[in-house]
Peer 1: 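Got a structure here, written out as structure tokens. Questions coming.
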Amino acid sequence: MAMLEFQDVEVFYGKVQALRGISLNVEEGEIVALLGNNGAGKTTTLSTASALVRLHSGSVRFAGKDISKAHPWNVVDAGLIHVPEGRRIFSTLSVLENLQLGGYLVKDRATVAKRIERVYELLPLLAQRRTQQGGTLSGGEQQMLAIGRGLVAGPKMLMLDEPSMGLAPLIVAQVMRVISEIRDQGTAVLLVEQNARAALKVTDRAYVIDNGATTIEGRAADLLTDSRIVDAYLGNG
Ligand code: ATP
């Protein structure tokens with residue numbers, strides 16, 4: 001079943017058209033990457049799914065429901081969780097308090113506590129630092145915390161915006177490993193990445209967004225050797 005489905009989505013910021021025709025789908029149990037250059041429209045695509053920006057035309061469906069006109073809290077409630085670019089953790093709150101905030105829409109506190117325990121199992125480094133202030137974590141740890149906070153919301157699907165940004169290659173590999181474990185535990189993932197090579201190693205499929213429109217789509221293994229991708233997004237690394 002398709003978890004997330006975009007059909008011919010167009011979005012404007014005032015007179016500026018940011019999305020000119022995004023069509024994509026993410027199936028249950030899949031990790032899908034969105035690749036593309038700066039300003040191509042990747043973040044806007046995630047913000048559209050989260051109902052943070054309005055559609056001009058087209059449609060977005062999540063878990064079988066049209067969410068094109070939903071409110072952001074309805075989208076979170078339905079289980080589509082957005083981990084934004086730049087981590088945005090609360091630097092003066094502890095690791096535990098940051099995780100608890102991920103469950104702010106969850107009424108049952110016992111459920112939140114159980115999910116936090118599961119996050120600690122997946123990310124033991126957070127368990128060791130549960131009383132440490134968020135702002136004193138390393139960049140990679142802060143990224144893990146942002147992902148962990150997203151998991152406490154109880155996602156059916158996670159959308160991650162540039163989780164590798166500013167991280168050393170070894171840490172990027174750790175983040176990617178965590179993302180594939182999240183998928184293995186049954187949560188679909190839509191991953192926005194500038195680091196196409198790191199993304200394609202863990203994803204099942206990918207789309208390229210160019211100038212606000214989805215252009216190339218394919219299986220990650222095929223795209224790693226596709227000359228259009230190699231030349232434009234993989235460089236020599
Ligand atoms: P990056 O990797 O640099 O974040 P991106 O692929 O995520 O790029 P978007 O941030 O979605 O791209 O931006 C798509 C287009 O929309 C760009 O031309 C950008 O300048 C424009 N844009 C984004 N946010 C706004 C905004 N709030 N107001 C006006 N224009 C915006």
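Quick note: residue numbers are just sequence positions, from 1. Atoms within a ligand are numbered from 1 in the order they appear, just like the ligands themselves.
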Peer 1: Is there a path from Met144 to Leu170 through hydrophobic residues (I, L, V, M, F, W, Y) whose side chains come within less than 4.5 Å of each other?
Peer 2: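 Not linked; separate clusters.
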Peer 1: Going hydrophobic residue to hydrophobic residue with side-chain gaps under 4.5 angstrom, can you get from Met3 over to Leu34?
Peer 2: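 Yes.
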Peer 1: Using heavy atoms and a 4.0 Å limit, tell me yes or no: is Gly41 in contact with ligand 1?
Peer 2: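 True for this residue.
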Peer 1: So Arg61 and Asp66, do their side chains get closer than 4.5 Å, heavy atoms only?
Peer 2: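 Yes, side chains in contact.
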Peer 1: Quick check on contacts: which atoms of ligand 1 are under 4.0 angstrom from a heavy atom of Ala40?
Peer 2: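 Contacts of ligand 1 toward Ala40, numbered from 1: 5 (P), 6 (O), 12 (O).
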Peer 1: Is Ser47 close to His82 at the side-chain level, that is, under 4.5 Å between some pair of heavy atoms?
Peer 2: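 SC-SC contact between His82 and Ser47 confirmed.
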Peer 1: For atom 4 (O) of ligand 1, grab the closest protein heavy atom and report residue, atom and distance to one decimal in Å.
Peer 2: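 Minimum-distance protein heavy atom for atom 4 (O) of ligand 1 reads Thr43 OG1, 3.6 Å.
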Peer 1: Does Asn37 come within less than 4.0 Å of ligand 1, judged by its heavy atoms?
Peer 2: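 Under 4.0 Å: yes for Asn37.
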Peer 1: Which atoms of ligand 1 have any heavy atom of Gln194 under 4.0 Å away?
Peer 2: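 Going through ligand 1 atom by atom, the ones under 4.0 Å from Gln194 are 2 (O).
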Peer 1: Measure the spacing between CG of Asp222 and CG of Leu200 and express it to the nearest 0.5 Å.
Peer 2: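 Asp222 atom CG to Leu200 atom CG measures 10.5 Å (nearest 0.5 Å).
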Peer 1: What protein heavy atom sits nearest atom 29 (C) of ligand 1, and how far off is it?
Peer 2: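 It is Tyr13 CB, 3.3 Å.
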Peer 1: Taking the side chain as C-beta and beyond, is there a heavy-atom pair between Phe6 and Thr214 under 4.5 Å?
Peer 2: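 They are not in contact (no side-chain heavy atoms under 4.5 Å apart), so the answer is no.
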Peer 1: Under a 4.0 angstrom heavy-atom cut-off, which atoms of ligand 1 come close to Glu162?
Peer 2: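 Numbered from 1, ligand 1 contributes 2 (O).
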Peer 1: Examine Val16 against ligand 1 and note whether any of their N/O atoms are separated by less than 3.5 Å.
Peer 2: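 Not met; the criterion fails.
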Peer 1: Give the atoms of ligand 1, by number and element, whose distance to some non-hydrogen atom of Lys42 is under 4.0 Å.
Peer 2: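 Taking each heavy atom of Lys42 in turn, ligand 1 has 2 (O), 5 (P), 6 (O), 7 (O), 8 (O), 11 (O), 12 (O) under 4.0 Å.
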Peer 1: With a 4.5 Å cut-off on side-chain heavy atoms, are Ser94 and Arg129 touching?
Peer 2: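 Side-chain contact under 4.5 Å: no.
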Peer 1: Flag the pair Thr44 / Ile22 as yes when at least one side-chain heavy-atom distance between them is below 4.5 Å, and no otherwise.
Peer 2: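 In short, these two side chains do not touch, never coming nearer than 4.5 Å.
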Peer 1: Nearest to atom 16 (O) of ligand 1, what protein heavy atom do you find, and at what distance?
Peer 2: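 Of every protein heavy atom, Ala18 CB, 3.4 Å lies nearest to atom 16 (O) of ligand 1.
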Peer 1: Report the nearest protein non-hydrogen atom to atom 13 (O) of ligand 1: residue, atom name, distance rounded to 0.1 Å.
Peer 2: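 The answer is Thr44 OG1, 3.7 Å.
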Peer 1: Is there a path of hydrophobic side-chain contacts, each under 4.5 Å between heavy atoms, that joins Leu145 and Tyr120?
Peer 2: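 Yes, same cluster.
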Peer 1: Closest non-hydrogen protein atom to atom 15 (C) of ligand 1, residue and atom name please, with distance?
Peer 2: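 Sorting protein heavy atoms by distance from atom 15 (C) of ligand 1 puts Gly39 O, 3.7 Å first.
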Peer 1: Please report whether atom 2 (O) of ligand 1 has a protein non-hydrogen atom at a separation of less than 4.0 Å.
Peer 2: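 Yes, there is a protein heavy atom closer to it than 4.0 Å.
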Peer 1: Indicate, as side chain, backbone, both or neither, the part of Thr45 found under 4.0 angstrom from ligand 1 when only non-hydrogen atoms are considered.
Peer 2: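 Near ligand 1, Thr45 shows nothing, with every heavy atom at 4.0 Å or more.
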